[in-house]
Amino acid sequence: MACVPALQAAESPARVGEHAFSASGYAGQVVLSLLFILALIFVAAWLLKRFAAIPGGNPNALRVISALSVGRQEKIVLLEVGKQQLLVGVTPSRISLLHTLAEPVEVADNGSNVPQGAFAKRLHDALHGQADRHDNGSKAD
């Protein structure tokens, strides 16, 4: 009787890796793993958004008045902090205070959010259904 299992093993062909890889089981594991990772990312983003805010902080206390690009990655930024204005230099690795203004710079607000360039004006007009507003008066028939 001890020879029966040996005979059965000799009669059946050897199937190498049959139990090591199953396509449907493997695909299910991959899908579940990806869903778990996506859920983990969304939970982490929600937690960061929920708890990253400084309690009691005033979001209007700091305001960017103006920014000027002076290089590929360098900017000069005029900030308003409370009643004080600061001129800072911004690079990818550092932010430096350039000057604290004694008198605040008055920013002229024309009350319009329409950009000043010709292309920007045409794009704004087209988006707001006012296309060809500038061209109608300049064409002579």
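Computed over heavy atoms, backbone and side chain alike; hydrogens, waters and symmetry mates excluded. Only a predicted model underlies this, so the values are computations on that prediction, with no experimental measurement involved.
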Checklist line | Sub-4.5 Å side-chain heavy-atom contact between V88 and L79 | finding: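 In short, these two side chains touch, coming nearer than 4.5 Å.
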Tell me whether [Y] is reachable from [X] by hopping between hydrophobic residues (I, L, V, M, F, W, Y) whose side-chain heavy atoms are closer than 4.5 Å.
X    : Y    : answer
L68  : L98  : yes
F119 : L127 : yes
Y26  : L34  : yes
L62  : L97  : yes
V77  : I95  : yes

Item checked: Hydrophobic cluster partners of L35 (side-chain heavy atoms under 4.5 Å) ->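 V31, which link up through side-chain heavy atoms under 4.5 Å apart, make up the rest of the cluster.
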Listed by chain and number, what are the side chain to side chain contact (heavy atoms under 4.5 Å, CB included) partners of [X], not counting sequence neighbours?
X   : result
V43 : L47
I37 : I41
E80 : R63, I65, Q85

Checklist line | Trace of the side chain to side chain contact (heavy atoms under 4.5 Å, CB included) decision for V64 with L78 | finding: CA-CA 6 Å; V64 175; L78 181 60; over 6 Å; no
Check: Where do S69 and G71 come nearest, in terms of heavy atoms and distance?
Finding: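 That closest heavy-atom pairing would be OG-O, 3.0 Å.
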Next item on the list: Take L101 and L86, measure what side chain to side chain contact (heavy atoms under 4.5 Å, CB included) needs, and give me the verdict at the end.
Entry: CA-CA 6 Å; L101 299 174; L86 307 171; over 6 Å; no
Next item on the list: Please collect all side-chain hydrogen bond (donor to acceptor under 3.5 Å, both in side chains) contacts where either partner lies in residues 87-104, sequence neighbours excluded, each pair once.
Entry: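 Applying side-chain hydrogen bond (donor to acceptor under 3.5 Å, both in side chains) to every pair that reaches into residues 87-104, excluding sequence neighbours, yields R94-S96.
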Notebook entry, point to check: What salt bridge (Lys or Arg N to Asp or Glu O under 4.0 Å) pairs are there with at least one residue in residues 67-79, not counting sequence neighbours?
Noted result: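 For residues 67-79: none.
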